[in-house]
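We name chains A, B, ... by the order of the sequence lines, and we start the count at 1 in each one. Worth saying up front: this structure is predicted, and the values here are computed from it rather than measured.
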Amino acid sequence: MLDLQYICDHVDEVARNCRNRGVQVDIEKIVTLRQRRGELITTGDKLRHDHKESSAKIPQESDPRKKQELIARGKDLKQEIAANEAELRDLEAELRSEQALVPNMTHPDAPVGGDDDANRVVRQVGDIPTFDFQPLNHVELAEKHDLIDLEAGSRVAGHGFYYLKNEAVLMEMALIQLALQKVAAAGFTLHATPDLARDSVLEGIGFSPRGPETQIYSVEQTDLSLVATAEITLGGMFKDQILEAANLPIKVAVISHCFRTEAGAHGAATRGIYRVHQFTKVEMFAVTGPDQSDAVHEEIVAIEEDFFQALKIPYQVIDTATGDLGGPAYRKYDLEAWMPGRGEGGEFGEVTSASNCTDYQARRLAIRFKTPEAKGTQIAHTLNGTAVAVTRALIAIWENYQQADGTIVIPEVLRPWVGKDRIG
RNA sequence: GGAGAGAUGCCGGAGUGGUCGAACGGACUGGUCUUGAAAACCAGCGUACCGCAAGGUACCGGGGGUUCGAAUCCCCCUCUCUCCGCCA
């Protein structure tokens, strides 16, 4: 959520930013509602002040008739206050829903453009492999080596679920281990979080768990839902906290499972385990001061790159265009790994993403910090990035490491945990 | 799941309907004193919102209610502790 004061002080810039991002918002309406809100609060405060004052006189009033008058006046004021509050409540609801539509401001260097065609490739690392045979895609490779069972997944839980088998199981654990080691070495405190959270927490973070358009699985007869990303549980962890500036940046990493209904996402690219309803992820999350977030953003991307460099998988870093940014992101880098079995002759496929949300998320969550010198608190900045999303990483590994003889070589860094150097 | 107790400011802890945003103690910050430190003494010490400001309003786990007036009374919820049951 963007600061109300900021929106009203920078109407033109905010409106331009909304256009760049392809979002329709009535900024003028927000300005008008805010003005009315101020009026209502002022009159409400005054009414409460009068009410308090006249109530305080009652115990000292000895004349019973005057006392009754004061009580009657109190009753009147009470009604006026209730009317004022009702109007304010309605107005604030309207204001909030309008305000929630306004996306975050955008980093000045982010490419401006309507869709993912406008995304800018920042750099490409690693050589795209050439095969002197027809490379298989990850579904064919998995079939050949008995690495995933999609049929059993469908039978038991439905389309979009899968069983990992044999080396795939070991590789999942290996990828998690590698990711945890790297993020711990980079100073992130490791966590394992609940995979369910109260609906109130989801809502607080901006997900709507039970609506018709929801991407969230919710558990019947409870107020719990399965988390779509550890952002939910981590956001819940920091919600309403007032942190010490000296302790920033706070960097946490978390292993969690992600559950997504992916409603309406059936298409060509959904075969196999590229888009699934459940996957395991190691996620980085940081709470920083305003002047630290850009640097931490670069740090998170560097860790993501280091991970894929360690796996020796070619990738490119994308600076996401304005029209393709989610609401909270100020700037977002995606890592796209080369997937030789994807499309016609290979394509890059998204494997991680790293967002700097500046104060947009933190404002809604009331994640603040204070400095000893200054009075009051400031809104912190939050960032998140994927260390590893297991299923996507598996696809990239299998497809890049396939050999002419049909075997799949295990990346060297994973061998200690997998216990072998080759599948098949 | 059952029975009981509880939730107050950074911490401890008073406060059971009316000058309570909240006694008192500790911690912390500044000052006096001291060669320096300690002790002692004095002062300060929450968050948010509205307002140019003066100032005002709200907040005693969360939400609702009673009342002219609620930290205090009533209802619902959440959490913590003790005991019982169940259990990887």
Side-chain angles (χ1 to χ4, degrees), chain A residues 1-9 30-96 99 192-205 209-210 218-219 221-225 232-233 235-248 250 257 287 359 361-380:
Chain A
M1 176 164 65
L2 221 51
D3 183 39
L4 199 50
Q5 178 87 50
Y6 181 90
I7 296 173
C8 295
D9 290 347
I30 293 177
V31 175
T32 312
L33 288 172
R34 172 166 185 259
Q35 197 170 354
R36 179 70 188 136
R37 171 173 174 266
E39 289 163 16
L40 285 172
I41 288 174
T42 308
T43 54
D45 282 358
K46 187 166 177 337
L47 286 170
R48 261 184 294 273
H49 175 71
D50 293 349
H51 186 227
K52 217 172 162 177
E53 208 171 53
S54 88
S55 285
K57 284 183 194 151
I58 293 174
Q60 280 123 29
E61 186 54 65
S62 46
D63 181 346
R65 227 196 46 178
K66 283 185 176 166
K67 198 165 197 153
Q68 282 312 306
E69 276 171 19
L70 281 169
I71 290 175
R73 169 147 172 75
K75 284 186 181 178
D76 288 349
L77 283 168
K78 191 182 169 184
Q79 280 187 3
E80 284 183 55
I81 290 168
N84 174 281
E85 278 175 351
E87 191 181 346
L88 183 62
R89 194 164 40 243
D90 291 350
L91 184 135
E92 289 212 306
E94 195 181 353
L95 179 58
R96 218 172 308 117
Q99 194 185 346
T193 73
D195 286 332
L196 292 91
R198 286 182 203 290
D199 289 342
S200 60
V201 174
L202 293 257
E203 280 154 13
I205 288 163
R210 313 237 172 195
S218 49
V219 181
Q221 293 175 349
T222 71
D223 64 343
L224 293 169
S225 294
I232 292 166
T233 38
M237 205 166 104
F238 287 106
K239 189 168 157 51
D240 295 323
Q241 300 285 304
I242 298 171
L243 307 157
E244 293 294 335
N247 295 335
L248 300 180
I250 294 173
H257 299 98
V287 181
D359 59 2
Q361 236 176 9
R363 182 169 295 106
R364 174 181 209 126
L365 292 170
I367 304 174
R368 289 159 295 165
F369 70 93
K370 59 191 299 179
T371 43
E373 314 84 66
K375 206 174 151 49
T377 55
Q378 290 185 68
I379 310 279

Visitor: Considering Watson-Crick and G-U wobble pairs with both distances under 3.5 Å, what does B/G17 pair with?
Guide: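 In the structure as shown, B/G17 has no Watson-Crick or wobble partner.
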Visitor: Do the non-hydrogen side-chain atoms of A/Glu53 and A/His49 ever get within less than 4.5 Å of each other?
Guide: yes
Visitor: Work out how far the P atom of B/G56 is from that of B/A22, and round it to whole angstrom.
Guide: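 Nearest-Å result for B/G56 against B/A22 at atom P: 12 Å.
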Visitor: Are OP1 or OP2 of B/C68 and a side-chain N or O of A/Lys57 less than 4.0 angstrom apart?
Guide: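 No, no such contact exists.
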Visitor: What's the CZ-C1' distance between A/Arg89 and B/C49, to the nearest Å?
Guide: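 Those two atoms, CZ and C1', are 17 Å apart.
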Visitor: Rounded to whole Å, how long is the line connecting atom CD of A/Gln60 with atom C1' of B/G69?
Guide: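 After rounding, the gap between these two atoms is 12 Å.
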Visitor: Between A/Gly38 and A/Ala56, which has a closest nucleotide on RNA chain B that is more 5'?
Guide: A/Ala56
Visitor: Indicate, with a heavy-atom threshold strictly under 4.0 Å, whether A/Arg34 touches base, sugar-phosphate, or nothing.
Guide: nothing
Visitor: Rounded to the nearest angstrom, tell me the gap between atom CD in A/Gln241 and atom C1' in B/G46.
Guide: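 One finds 15 Å between C1' of B/G46 and CD of A/Gln241, rounded.
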Visitor: If I pick the C1' atom on B/G13 and the same atom on B/G26, what distance separates them, to the nearest angstrom?
Guide: 10 Å
Visitor: Mind checking A/Arg73 for me? I need base, sugar-phosphate or nothing, with any heavy atom below 4.0 Å counting as a touch.
Guide: nothing
Visitor: For B/C24, give its Watson-Crick or G-U wobble partner with both distances under 3.5 Å, or none.
Guide: B/G12
Visitor: Work out how far the P atom of B/A7 is from that of B/G12, and round it to whole angstrom.
Guide: 12 Å
Visitor: Under 4.0 Å, counting only non-hydrogen atoms across every strand here, what does A/Lys75 touch: a base, just sugar-phosphate, or nothing?
Guide: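 Sugar-phosphate contact only.
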Visitor: Measure the distance from CD1 on A/Ile58 to P on B/G17 and round it to the nearest whole Å.
Guide: 17 Å
Visitor: Does A/Asp50 or A/Arg368 map to a spot on RNA chain B nearer the 5' end, using the closest nucleotide for each?
Guide: A/Arg368
Visitor: Find the distance A/Arg96:CZ to B/C49:P and express it as a whole number of Å.
Guide: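 Going from CZ in A/Arg96 over to P in B/C49 covers 14 Å.
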Visitor: Could you identify the nucleotide paired to B/A53, looking across every strand shown and requiring Watson-Crick or G-U wobble geometry with both distances under 3.5 Å?
Guide: none
Visitor: Could you check how far CD of A/Gln79 sits from C1' of B/U67, rounded to whole Å?
Guide: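 Nearest whole value for this atom pair: 14 Å.
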Visitor: Can you tell me if A/Glu61 has over 12 outside heavy atoms packed within less than 6.0 Å of its CD?
Guide: yes
Visitor: Using purine N1 to pyrimidine N3 plus N6-O4 or O6-N4 for Watson-Crick, or N1-O2 and O6-N3 for G-U wobble, both under 3.5 Å, which nucleotide pairs with B/U35?
Guide: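 In the structure as shown, B/U35 has no Watson-Crick or wobble partner.
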Visitor: It should be established whether A/Arg198 places a side-chain nitrogen or oxygen under 4.0 Å from OP1 or OP2 of nucleotide B/C79.
Guide: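 Checking B/C79 against A/Arg198, a side-chain N or O does come within under 4.0 Å of OP1 or OP2.
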Visitor: Which of the following nucleotides, B/G69, B/A58, B/G56, is nearest to the side chain of A/His51?
Guide: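 Looking only at side-chain atoms, A/His51 lies closest to B/G69.
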Visitor: Return the value, rounded to whole Å, for the distance between atom CD of A/Glu92 and atom P of B/C49.
Guide: 12 Å
Visitor: Say you pick atom C1' in B/U57 and the same atom in B/G21; how far apart are they, in whole Å?
Guide: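 After rounding to an integer number of Å, I get 12 Å for this pair.
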Visitor: Distance between the C1' atoms of B/C11 and B/G65, in whole angstroms?
Guide: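 Taking atom C1' in both B/C11 and B/G65, they lie 34 Å apart.
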Visitor: Does A/Ile41 reach a base, just sugar-phosphate, or nothing at all? Heavy atoms under 4.0 Å.
Guide: sugar-phosphate
Visitor: At what distance, to the nearest 0.5 angstrom, does CD1 of A/Ile30 lie from CD of A/Glu94?
Guide: 10.5 Å
Visitor: Could you walk me through whether A/Glu85 and A/Arg48 pass salt bridge (charged side-chain N to carboxylate O under 4.0 Å, His left out), step by step?
Guide: CA-CA 11 Å; A/Glu85 278 175 351; A/Arg48 261 184 294 273; 3.1 Å; yes
Visitor: For residues A/Asp50 and A/Arg73, determine if any side-chain heavy atom of one lies less than 4.5 Å from a side-chain heavy atom of the other.
Guide: yes
Visitor: Suppose you measure atom C1' in B/G17 against the same atom in B/A70; what distance do you get, rounded to whole Å?
Guide: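 So the two C1' atoms sit 6 Å from each other.
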Visitor: Applying a 3.5 Å limit to both distances, which nucleotide forms a Watson-Crick or G-U wobble pair with B/G69?
Guide: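 Its partner is none (no Watson-Crick or G-U wobble pair with both distances under 3.5 Å).
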Visitor: Suppose we define a pair by two distances each less than 3.5 Å, Watson-Crick or G-U wobble; what does B/G6 pair with here?
Guide: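 Here B/G6 is engaged in a pair, and the nucleotide opposite it is B/C79.
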Visitor: Considering only atom C1', compute the distance from B/A27 to B/U16 and round it to an integer number of Å.
Guide: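 That atom pair is separated by 30 Å.
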Visitor: Tell me whether the OP1 or OP2 atom of B/U57 has a side-chain N or O from A/His49 closer than 4.0 Å.
Guide: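 So the side chain of A/His49 is within the cut-off, an N or O lying under 4.0 Å from OP1 or OP2 of B/U57.
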Visitor: Scan every strand shown for a Watson-Crick or G-U wobble partner of B/G1, both distances under 3.5 Å, and answer none if you come up empty.
Guide: B/C84
Visitor: Do A/Gln35 and A/Glu39 pass the side chain to side chain contact (heavy atoms under 4.5 Å, CB included) test, and can you show the C-alpha distance, the side-chain angles, and the key distance before you say yes or no?
Guide: CA-CA 7 Å; A/Gln35 197 170 354; A/Glu39 289 163 16; 4.2 Å; yes
Visitor: Enter the distance from A/Arg37:CZ to A/Leu4:CG here, rounded to the nearest 0.5 Å.
Guide: 6.0 Å
Visitor: What's the CG-P distance between A/Asp223 and B/C76, to the nearest Å?
Guide: 18 Å
Visitor: Counting only side-chain nitrogens and oxygens, does A/Arg37 get under 4.0 Å of the OP1 or OP2 atom of B/C50?
Guide: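 Looking at the OP1 and OP2 atoms of B/C50, one of them is under 4.0 Å from a side-chain N or O of A/Arg37.
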Visitor: Between A/Gln99 and A/Arg364, is a side chain to side chain contact (heavy atoms under 4.5 Å, CB included) present by the stated rule, with each step listed?
Guide: CA-CA 11 Å; A/Gln99 194 185 346; A/Arg364 174 181 209 126; over 6 Å; no
Visitor: Taking atom C1' in both B/C60 and B/C73, what distance in whole Å separates the two?
Guide: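 Their C1' atoms lie roughly 16 Å apart.
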Visitor: Strictly by Watson-Crick or wobble contacts shorter than 3.5 Å, is anything paired with B/U47, and which nucleotide is it?
Guide: B/A58
Visitor: Under 4.0 Å between a side-chain N/O of A/Lys46 and OP1 or OP2 of B/C50, yes or no?
Guide: no
